[in-house]
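A quick write-up on the structure given underneath.
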Amino acid sequence: MSDPKVATLLALAAIILTVWVFGRLLGRIGQPPVIGEIVAGIVLGPSLLGLLAPEASRWLFPAPVVSALGILAQVGLVLFMFMIGMELDLRRLRGHGTRVVTTAVASIVVPLALALVLAVALYPAYGGSVNKLVFCLYIGAAMAITAFPVLARILKDTGLAGTRVGTISLVSAAINDAFAWCLLAFVLALGRAGGPGGGIRTIVLSVIFVAVMIFAVRPLLARLGDVPIWLALLVMLLAAWCADQAGIHVIFGGFLAGAIMPRREAWLRSVHERLDVVVSYLLLPVFFVMSGLSTHVEGLRTAAVWGVVALVIVVAALGKLGGTAVSARLVGESWTDAVTLGVLMNTRGLTELVVLSIGLQAGLISSTVYTVMVLMALVTTLMAPPLLRLIEARRRPVTAGSELVAVS
């Protein structure tokens with residue numbers, strides 16, 4: 001094998017090319033680029049390349065290269081979440097606090113409840129030696145997740161970024177995922193320590209971390225005017241490290257660092273432009289390929305397993321899409337906006353893959369369950385663009401009719 005540092009360059013070239021090809025192909029049928037990245041990761045993994053050309057797969061992705069790519073994927077995730085945090089403007093939510101809270105709570109409670117019931121049913125066949133409570137809570141946390149970064153990209157691709165509905169969904173997803181990460185940390189603590197002490201410690205440290213970032217770091221940055229980019233990146237990296245030490249994932253440290261940056265439009269735009277190309281076209285696609293390397297679709301050989309895949313997808317969609325839509329309607333949203341919120345909150349792509357990777361590495365789920373959940377994440381994310389287009393098509397005649405009445 002050649003020098004791993006040099007071999008990593010070839011692997012990166014293969015990733016960029018594959019992501020570009022599948023992004024273009026899926027873009028022609030109206031899917032956002034992020035879907036192409038997920039599919040590209042599966043194609044380059046054992047489910048396709050490893051199955052058709054195992055020697056080529058081992059040559060392109062030997063263990064040292066995979067290790068190097070894992071580091072790049074982590075950095076890419078933190079940078080992307082930092083950029084998303086900078087774009088979040090809570091001022092757009094004035095007067096809509098009740099709807100945000102209701103949407104966030106419903107998008108957690110309903111899918112969590114349904115997932116717990118599903119997990120109890122799946123445990124005898126798929127739980128293995130994992131504690132039943134740990135397995136069920138983990139599946140619940142995984143299915144309650146909304147893919148915050150993927151949601152942000154779908155909002156941008158569909159033109160919903162900055163709209164009231166888009167902002168409500170984004171903030172709801174942030175609340176949703178913060179709870180899910182705390183639950184996941186609690187589950188991991190139960191799995192490792194056999195008791196709730198570690199989970200309680202994580203929650204306490206997370207609250208302290210958030211308070212320090214908002215009430216100490218944010219005012220200091222505000223005094224500087226335009227924060228030097230090196231300092232912004234330093235705050236981001238330290239926040240990601242602190243988040244990990246608290247027991248939550250590094251991506252929320254990156255997001256919180258972006259959210260506390262000064263709200264100066266010119267500076268925010270300048271930083272975004274400097275980071276976007278490297279993050280979107282190099283670092284972030286690496287993560288999808290890393291997830292694809294752990295996905296084994298070729299292992300789903302029986303009709304029973306594919307039946308489980310279908311059941312998981314249905315339960316996931318009912319919990320997220322249905323629960324969010326009904327709750328949003330109950331607090332005054334129109335059915336059109338309520339269903340739009342449900343569709344947006346039903347996206348699970350990137351964050352789901354992060355959660356599943358953590359569960360697989362911790363031994364909480366088997367490779368089979370991991371693959372089933374990856375397929376669920378892919379399908380629920382694929383659903384979003386066509387459903388959003390259908391909703392928009394139904395919205396237009398109503399808008400046009402209203403304008404016609406107004407003119408007459």
Side-chain angles (χ1 to χ4, degrees), residues 5 8 12 15 66-88 147-150 152-153 170 173-174 177-178 181-182 184-185 188 201-264 267-291 350-351 353-355 357-358 361:
K5 295 187 289 295
T8 302
L12 286 172
I15 290 170
V66 171
S67 178
L69 291 177
I71 296 172
L72 290 175
Q74 190 85 302
V75 174
L77 279 174
V78 174
L79 279 168
F80 182 73
M81 292 303 294
F82 175 70
M83 293 162 62
I84 296 302
M86 289 195 302
E87 293 178 356
L88 186 64
F148 188 93
V150 174
R153 292 182 68 163
L170 201 61
D177 284 6
W181 280 114
C182 288
L184 178 63
L188 289 173
R201 171 184 175 276
T202 293
I203 294 173
V204 172
L205 290 178
S206 298
V207 171
I208 295 173
F209 166 61
V210 172
V212 170
M213 291 291 287
I214 294 175
F215 298 111
V217 180
R218 183 180 182 183
L220 290 175
L221 293 175
R223 294 179 183 179
L224 297 178
D226 289 348
V227 180
I229 191 167
W230 67 266
L231 180 57
L233 293 175
L234 178 63
V235 171
M236 176 200 73
L237 293 172
L238 290 176
W241 181 83
C242 289
D244 178 76
Q245 296 302 299
I248 53 179
H249 200 270
V250 292
I251 64 174
F252 280 98
F255 169 74
L256 186 57
I260 66 169
M261 289 293 150
R263 303 288 99 181
R264 294 180 176 85
W267 179 81
L268 291 172
R269 186 167 55 252
S270 173
V271 174
H272 187 278
E273 289 173 352
R274 295 184 194 183
L275 298 178
D276 185 54
V277 173
V278 173
V279 174
S280 298
Y281 293 94
L282 176 62
L283 297 179
L284 202 54
V286 171
F287 172 77
F288 290 102
V289 172
M290 292 299 295
S291 299
L350 191 152
T351 311
L353 297 184
V354 174
V355 172
S357 298
I358 292 173
Q361 293 166 8

Q: With sequence neighbours left out, write down each residue that passes side-chain contact (heavy atoms from CB on, under 4.5 Å) with Val250, or none if nothing qualifies.
A: Gln74, Val78, Ala240, Asp244
Q.
Just verifying a value: how many Å separate Phe287 CZ and Met290 CE, rounded to the nearest 0.5 Å?
A. 9.0 Å
Q) Taking atom CD1 of Ile71 and atom OG1 of Thr8, what is their separation to the nearest 0.5 Å? A) 9.5 Å
Please output the side-chain donor-acceptor pairs of residues 267-278 that fall under 3.5 Å, not counting sequence neighbours, one pair per line with the distance.
residue, atom, partner, partner atom, Å
Trp267, NE1, Val227, O, 2.7
His272, NE2, Glu87, OE2, 2.8
Asp276, OD1, Ser280, OG, 2.9

Q: Tell me, please, which residues at least two apart from Pro228 pass side-chain contact (heavy atoms from CB on, under 4.5 Å).
A: Trp230, Leu231
Q: Evaluate side-chain contact (heavy atoms from CB on, under 4.5 Å) for Leu77 paired with Leu283, printing each intermediate quantity in order.
A: CA-CA 8 Å; Leu77 279 174; Leu283 297 179; over 6 Å; no
Q. Excluding sequence neighbours, so at least two apart, what forms side-chain contact (heavy atoms from CB on, under 4.5 Å) with Val207?
A. none
(Q) I need the minimum non-hydrogen distance between Ala239 and Gly253, along with the two atoms involved. (A) CB-O, 3.4 Å
Q | Partners passing ring-ring contact (aromatic ring centres under 6.0 Å, His included) against Phe82 (at least two apart in sequence or in another chain) | A | none
Q. What residues, two or more places apart in sequence or in another chain, satisfy side-chain contact (heavy atoms from CB on, under 4.5 Å) together with Leu205?
A. Arg201, Ala246
Q | Inter-residue atom distance Gln245.CD - Ser206.OG, 0.5 Å rounding | A | 12.0 Å
(Q) As an exercise, state the distance from CE of Met261 to CE of Met83, rounded to the nearest 0.5 Å. (A) 13.5 Å
Q) Which is it for Ile15 and Leu282 under the side-chain contact (heavy atoms from CB on, under 4.5 Å) test, yes or no, and what are the steps along the way? A) CA-CA 8 Å; Ile15 290 170; Leu282 176 62; over 6 Å; no
Q | Criterion side-chain contact (heavy atoms from CB on, under 4.5 Å) against Leu79, the qualifying member of Leu284, Leu233, Leu237 | A | Leu233
Q: Give every residue pair that meets the side-chain hydrogen bond (donor to acceptor under 3.5 Å, both in side chains) criterion with at least one member in residues 216-227, sequence neighbours excluded.
A: none
Q.
Let me confirm one number: the CD1-CZ distance from Ile214 to Phe209, rounded to the nearest 0.5 Å.
A. 9.5 Å
